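Notes follow once the structure below has been shown.
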Amino acid sequence: MNISKRSLNIIVISIYVITLLCGAGALISNDTIEFVRKILMFTLPTLMNASMLIDQKGNFSKIKDYKGYLILIILNLTWYIVTIIFGINIGGQSLTGFINFTNIILLVFFITHVNIDEENKKKIINAFIYSALICSVYGILQYIFKFDLNTFSNDKYPGINGRVPSTFFLPTLYDKYACIMFALVSYLTLKEDKLLYKILYVIIGINIVLTFSRGGFIALIIVVLVHIIRTIMLKKWTNLILPLLLVIISFLIPGFAYLFQNTANYVYEKLHIPTNLRMSLVEEVSDDSVSTDPEDDMSISFRNYYKGIGKQIIKEYPVLGIGLNNYSYIYNNQNVTLYIEDTSVLEENLPYMYPHSGFVQMGAETGYVGLVLILVYLIYVCYDYIRYSDNKFKYFPLLILVLFFLGNYTESLIQNKQYMYIFIIFYGLFSNRYELKKKK
């Protein structure tokens, strides 16, 4: 499938604009700027898809060769329409949701299948690299000069200035983006001996630490472990200095020990590790508001509350859900009691938010069927690439997919347009089939 210079330029520009300028409330915020951001988040993905569709003019017959993808695309889009028709409410959010997910579904297909050669792939990778460099430098400056930080969890991690969101709305969105960028520079340090990549490895890793996010820290550890294993396998011994340097710097950051302990305790609880086998780096502090015990963690309690409501919706609407993007409708109106029979999951006078899980939110909106369809589609992209590739880094898309799934366990990433479009371009690029077609 063809791709024009115009389409490549739109992709590169979109990476910079979406990453640096489209975080709701980030950098500068007022009604006019927020309106412009919403317009950009709508137009840029639409332009990318429209441009690549135009590139296939006179070549549409080749699209029929990708039957597996076409079947999954048709099933996903058809199911979205069905859930909207039979959902609890049809409104503006239904149309915007359908356009958003149509863009996501099509963008995966186009980025994966258009003929992106090594030179153009490098241009797109550079856009990710330089935008991530700007984000990470900005994040460190944010932390040092204490501006636009999220300070709600300062008591949990004694000594911190706050949590870094950089150019994203929340630290818990920024850390998920930073993790896939960290995976990128880890991959590039193994491919090329460039000082820029090594510097980025350290400063992006530091940025993830400065979000003070459990989910981001767990993802960071996973990528570091993969990086160490691959370094040993490829015998690039000097690269082992990078994770060591990152660990040393991290422990020099005030509050990091509490992040480490809090995360460890969270993992211990989830895996039911016996108490006598648990490691403790910090002692409980005298302030009762500070605890490393996950049972005392209010953020987890609230997340469980929000997630519980979403799970109840899935229980009562298991097949069709409440309709694509209708979680926005019940959140904005706080009216879920009108649509569920068992209201025991609600607490009196306690407003609810989105479920902080992309899986739960997608299941609530489109039922189990819709959730399975989009996950199968994304998994199929990875599977189809791996089974035909002989590249020694062919499992890199699988690592990205694992990070995506891990992130969706604690955040609604599927529904977050800023993160999702960056992820889709990134995931599609490293699952691109151009090199595979050349070898055939």
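A quick note: this is a predicted structure, and the numbers were derived from the prediction, not measured. All heavy atoms count here, side chains included; hydrogens, waters and symmetry mates do not.
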Check whether the side chains of [X] and [Y] place a donor and an acceptor atom closer than 3.5 Å, and report yes or no.
| X | Y | value |
| --- | --- | --- |
| Asn207 | Ser136 | no |
| Asn265 | Glu269 | no |
| Thr211 | Asp175 | no |
| Asn103 | Thr46 | yes |
| Arg6 | Ser51 | yes |
| Asn391 | Ser389 | no |
| Asn325 | Ser94 | no |
| Gln93 | Ser328 | no |
| Tyr317 | Asn326 | no |

Gln361 and Tyr331: CA distance, side-chain angles, deciding distance, side-chain contact (heavy atoms from CB on, under 4.5 Å) verdict:
CA-CA 12 Å; Gln361 187 167 338; Tyr331 165 67; over 6 Å; no
Give me the atom names and distance for the closest heavy-atom approach of [X] to [Y].
| X | Y | answer |
| --- | --- | --- |
| Tyr306 | Tyr354 | CB-O, 3.4 Å |
| Ile414 | Asn408 | N-OD1, 3.1 Å |
| Asp342 | Ser344 | OD1-OG, 2.6 Å |
| Gly216 | Ile208 | O-CG2, 3.5 Å |
| Tyr352 | Asn335 | OH-N, 2.9 Å |
| Pro254 | Ile160 | O-CG2, 3.3 Å |

Expected output: side-chain [X] to main-chain [Y] donor-acceptor under 3.5 Å:
| X | Y | result |
| --- | --- | --- |
| Thr263 | Arg214 | no |
| Thr151 | Asn154 | no |
| Arg303 | Pro355 | no |
| His113 | Phe109 | yes |
| Tyr377 | Ile105 | yes |
| Gln312 | Val345 | no |
| Tyr427 | Leu378 | yes |
| Asn161 | Lys146 | no |
| Gln142 | Leu149 | no |
| Gln418 | Thr19 | yes |

Among Thr167, Leu20, Val164, the one residue meeting side-chain contact (heavy atoms from CB on, under 4.5 Å) with Tyr138
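One option only clears the test, and that one is Thr167.
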Is the number of heavy atoms from other residues, nucleotides or ligands within 6.0 Å of [atom1] ([X]) greater than 12?
| X | atom1 | result |
| --- | --- | --- |
| Lys417 | NZ | no |
| Phe35 | CZ | no |
| Glu341 | CD | no |
| Asn30 | CG | yes |
| Phe405 | CZ | yes |
| Tyr409 | OH | no |

Step by step, would you call Thr112 with Asn432 a side-chain hydrogen bond (donor to acceptor under 3.5 Å, both in side chains)?
CA-CA 4 Å; Thr112 304; Asn432 185 272; over 6 Å; no
Verdict with reasoning, Tyr395 to Tyr385, per ring-ring contact (aromatic ring centres under 6.0 Å, His included):
CA-CA 9 Å; Tyr395 291 104; Tyr385 175 78; 9.5 Å; no
Report yes if some heavy atom in the side chain of [X] is under 4.5 Å from a heavy atom in the side chain of [Y]; otherwise report no.
| X | Y | result |
| --- | --- | --- |
| Tyr388 | Arg433 | yes |
| Tyr327 | Ser412 | no |
| Met181 | Phe426 | yes |
| Pro243 | Tyr201 | yes |
| Tyr266 | Gln261 | no |
| Cys135 | Tyr174 | yes |
| Tyr305 | Ser301 | no |
| Lys156 | Asn262 | yes |

Given side-chain contact (heavy atoms from CB on, under 4.5 Å), test Ile313 with Ile330 step by step and report yes or no.
CA-CA 11 Å; Ile313 294 172; Ile330 62 171; 3.6 Å; yes
Pair Phe152 + Phe212: ring centers closer than 6.0 Å:
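Ring centroids of Phe152 and Phe212 are no less than 6.0 Å from each other.
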Do Phe404 and Phe423 have ring centroids that are under 6.0 Å from one another?
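That pair passes the under 6.0 Å test.
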Rounded at 0.5 Å granularity, tell me how far [atom1] in [X] sits from [atom2] in [Y].
| X | Y | atom1 | atom2 | value |
| --- | --- | --- | --- | --- |
| Ile374 | Asn76 | CD1 | CG | 6.0 Å |
| Lys176 | Tyr419 | NZ | OH | 9.0 Å |
| Trp79 | Thr366 | CH2 | OG1 | 8.5 Å |
| Phe430 | Phe393 | CZ | CZ | 11.0 Å |
| Leu413 | Ile180 | CG | CD1 | 9.5 Å |
| Leu107 | Ile424 | CG | CD1 | 7.0 Å |

Ring pair (Phe, Tyr, Trp, His ring centres under 6.0 Å) against Tyr368, all qualifying residues, sequence neighbours excluded
none
With Phe145, which residues qualify under ring pair (Phe, Tyr, Trp, His ring centres under 6.0 Å), at least two apart?
none
Yes or no on ring-ring contact (aromatic ring centres under 6.0 Å, His included) for Phe256 and Phe217, after CA distance, side-chain angles and deciding distance?
CA-CA 10 Å; Phe256 174 75; Phe217 186 53; 5.5 Å; yes
Salt bridge or not between Glu316 and Lys311? Use side-chain N to carboxylate O under 4.0 Å.
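The answer is no: the pair does not qualify as a salt bridge.
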Return the set of residues passing side-chain contact (heavy atoms from CB on, under 4.5 Å) with Tyr380 (not counting sequence neighbours), or none when no residue passes.
Tyr69, Leu72, Tyr383, Asp384, Arg387
